[in-house]
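Source: prediction; values computed, not measured.
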Amino acid sequence: MSDFDFLSAAFAAAPKTPPKVSSRAFRSAIEEALIGSFTRQDLETVLSEELKLPWPLEDSEPSESEFTKRDVIKGYTKDWDLSRLVALARRMVTELDLNEMLIPDLNALLAANDRGGGVGTPPKNLIFAAKGPKPELVLRDAVNNDIQITRNGEYCLVFDQPIPADGLTYRNLIEWWRQRQGFADTVQDRDVGVELHNRLRESLGDNPVETIVFDTYARRYRNNQFDVPALIPQVYLHFDPATQLARRTAGQSGSPLARQRMDFLILFSSRHRVVLEVDGKQHYAEGDAASPRLYSEMVAEDRRLRLAGYEVYRFGGAELMADKAAEMLADFFEQLAERMR
C-alpha cells in the first residue's frame, strides 16, 4: 500500500465531525435534498400538496417562471426559525421519496439536534386551562395510551388535534378554537383570538402574579403576530384518581405524584418544552413557617422534569409584584425566544 493509499484509508476511517446545528445548516441541507430529488414542477406539488406548506408571499406565486427551485423553497420557508426547519427536515426524511445520496446529511443534522436535549417522545395529550374541579380521567385504551375525561370535563379544555412537530403556536390554537366554537369563516382571526385569550385567562382566577405573566406574554400576539409559540396555562401533567384527603384518611402521605398541574407550558417544538412556575409562599411554606418538606418536594419534581427533557423556569411571587415586573418578563420572553431559534 502506498503512502497515499494509507492516508486515504485513514481519513475515510476517521470519525466525521458532528455537523453544527443551526438554521443555516438545516436550510442548506433541506434545499439541497429537495433540489436534488425533484423536478421544478414536482417540487411545487411536493411542497404545497404533500407537505401542505402555505405560500406566504402575497405579491407572487410559486409557479412564476423566473423562480428557480431554490427560490421556491426559500419562498415557502421565508423567515422560518430553527425549530420549524428541524420539523420540516424530519418530515422530509419520513414522508418524501428523497434521493438516497442526500438523506444522510439530513439525518446527521437531525441526530446532532436531538443530542442537544429535549423530550424524546412527541406530546399525545394536552389538557389545560382548568377553571374548576380537576378532571377525572380513565385509560380508555391502555395499549394506545388513549385517555377519556369521565367527569368535570366542562371545566377544562382539551386540544384534540395533532400537535405540530414545529411547536404549538397561537395561530394553531385560534384555528382549533374557531372549529370548536363554530365561528364562521368571516370572523377575523383577531376576534377569535381575543375570545380564546379571555377563556384562557379565566383559568388563572384572581391570581395576580400568574395573570401578569400571562398578560405580558400575550402582548407578543399583538398586530396579528399569531405564529408565536403559545403560552398555555394550567396544563395537567399527572393525574391521581384519589384526592389527597382520601389518601391521608387511608394512612397514606398525600399524593404520590407531585405537581399535577403546571402553571404554564410552551411547546417550542415536539421535543422542546418549557415549563414556567410561579411560586407563592404555599410552594415553600406552611402558613408563615418555612417548610423544608414542601421545598424538597418542589425541587425534586423540578429535577424529574429536567431529566425528562423539559426546561423549567421559576418566578418568585415577590419579584412579579415589583414595579418593573412586566419589563423583566418581556425581556425574559425575548431572550427565551432567541435561545429557542
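Residue E58 places its CD atom among 12 or fewer non-hydrogen atoms of other residues, nucleotides or ligands, all under 6.0 Å distant. Crowding of D323 atom CG: a count of heavy atoms from other residues, nucleotides or ligands under 6.0 Å not exceeding 12. For CD of E154, the number of neighbouring non-hydrogen atoms (other residues, nucleotides, ligands) closer than 6.0 Å is greater than 12. Crowding of D160 atom CG: a count of heavy atoms from other residues, nucleotides or ligands under 6.0 Å exceeding 12.
The salt bridge (charged side-chain N to carboxylate O under 4.0 Å, His left out) test applied to K131 returns E202, not counting sequence neighbours. With sequence neighbours left out, the ring-ring contact (aromatic ring centres under 6.0 Å, His included) criterion links F333 to Y217. A search for ring-ring contact (aromatic ring centres under 6.0 Å, His included) contacts involving Y155 returns nothing, not counting sequence neighbours. Residues forming a salt bridge (charged side-chain N to carboxylate O under 4.0 Å, His left out) with D227 (at least two apart in sequence, or on another chain): R171. Considering only residues two or more places apart in sequence or on other chains, T169 meets the side-chain hydrogen bond (donor to acceptor under 3.5 Å, both in side chains) condition with N172. Scored by the side-chain hydrogen bond (donor to acceptor under 3.5 Å, both in side chains) test, E50 finds no partners at all (sequence neighbours excluded).
Listed for the D191 side chain is no donor-acceptor partner under 3.5 Å among the backbone atoms of V194. The main-chain N or O of V192 is never found under 3.5 Å from a side-chain atom of R178 such that the two would form a donor-acceptor pair. In this structure, the side chain of D71 engages the main chain of T68 through a donor-acceptor pair within 3.5 Å. Using a distance-only test at 3.5 Å, with no hydrogens or angles considered, no donor-acceptor pair links the side chain of S28 to the main chain of R24. Side chain of E64 to main chain of E61: a donor-acceptor pair is present (N/O by atom type, distance under 3.5 Å, no hydrogens or angles). Within the 3.5 Å criterion, the main-chain N or O of V209 finds a donor-acceptor partner in the side chain of N207. Judged by distance alone, the side chain of Y170 and the main-chain N or O of A218 form no donor-acceptor pair under 3.5 Å. With hydrogens and angles ignored, the 3.5 Å screen pairs no side-chain donor or acceptor of N152 with any backbone N or O of E136. T216 places no side-chain N or O within 3.5 Å of a backbone atom of A330 that could act as its donor or acceptor partner.
The aromatic rings of F128 and W176 sit tilted relative to each other, their planes meeting at an angle between 30° and 60°.
Separation of atoms CZ (F226) and CG (L196) is listed at 10.0 Å; rounding is to 0.5 Å. With values rounded to the nearest 0.5 angstrom, Q148 atom CD is found 9.5 Å from L137 atom CG. Separating the CG atom in L43 from the CG atom in L34 is a distance of 6.0 Å, to the nearest 0.5 Å. Atom-to-atom distance recorded for L336:CG and L329:CG is 11.5 Å, nearest 0.5 angstrom. For the atom pair CZ (R222) and CZ (R190), the distance works out to 10.0 Å, reported to the nearest 0.5 Å. Taking CD1 from I127 and CD1 from I149, the interatomic distance works out to 4.5 Å, rounded to the nearest 0.5 Å.
Between A129 and L200 the shortest heavy-atom distance is CB-CD2, 3.8 Å. Contact between A230 and Y221 at its shortest, heavy atoms only, is CA-OH, 3.4 Å. When all heavy atoms of L57 and G75 are compared, the pair lying nearest together is CD1-CA, 4.0 Å. Taking both residues in full, the closest heavy atoms of A29 and L109 are given as CB-CD1, 3.6 Å, listed atom of the first, atom of the second, then distance. Between F268 and A337 the shortest heavy-atom distance is CE2-CA, 4.5 Å. Scanning all heavy atoms of the two residues, the minimum distance from L173 to L168 falls at CD2-CD2, 4.0 Å.
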Legend entry - Worked verdict on Q181 versus R199 for side-chain contact (heavy atoms from CB on, under 4.5 Å): CA-CA 12 Å; Q181 301 301 99; R199 169 59 185 85; over 6 Å; no
Legend entry - Chi angles and distances behind the side-chain contact (heavy atoms from CB on, under 4.5 Å) call for L102, I35: CA-CA 10 Å; L102 302 172; I35 290 170; over 6 Å; no
Legend entry - CA sep, side-chain torsions, deciding dist, call: D263, L276, side-chain contact (heavy atoms from CB on, under 4.5 Å): CA-CA 6 Å; D263 290 339; L276 306 181; 5.8 Å; no
Legend entry - Chi angles and distances behind the side-chain hydrogen bond (donor to acceptor under 3.5 Å, both in side chains) call for Q161, E175: CA-CA 10 Å; Q161 298 177 4; E175 292 171 356; over 6 Å; no
Legend entry - Derivation and outcome, side-chain contact (heavy atoms from CB on, under 4.5 Å), residues I212 and F315: CA-CA 11 Å; I212 192 173; F315 296 91; over 6 Å; no
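Between S23 and W80 the shortest side-chain heavy-atom distance does not fall below 4.5 Å. Proximity of F159 to V235: side-chain heavy atoms (C-beta onward) are nowhere separated by under 4.5 Å. Side-chain contact between V46 and S37: absent, with no pair of heavy atoms (C-beta onward) separated by less than 4.5 Å. Contact check for R40 versus V72: side-chain heavy atoms found under the 4.5 Å cut-off. Proximity of R220 to L231: side-chain heavy atoms (C-beta onward) are nowhere separated by under 4.5 Å. For the pair Y76 and P62, the minimum side-chain heavy-atom distance is below 4.5 Å. Counting heavy atoms from C-beta on, the side chains of L110 and R90 come closer than 4.5 Å. Side chains of D215 and H197 form a contact here, defined as non-hydrogen atoms less than 4.5 Å apart.
Salt-bridge annotation for R70 and E32: present, with a side-chain N of the basic residue lying under 4.0 Å from a carboxylate O of the acidic one. Salt-bridge formation is not detected for the pair E31/K69: no Lys NZ or Arg NE/NH1/NH2 atom is positioned less than 4.0 Å from an Asp or Glu carboxylate oxygen.
There is a path of hydrophobic side-chain contacts, each under 4.5 Å, that joins V312 to F264.
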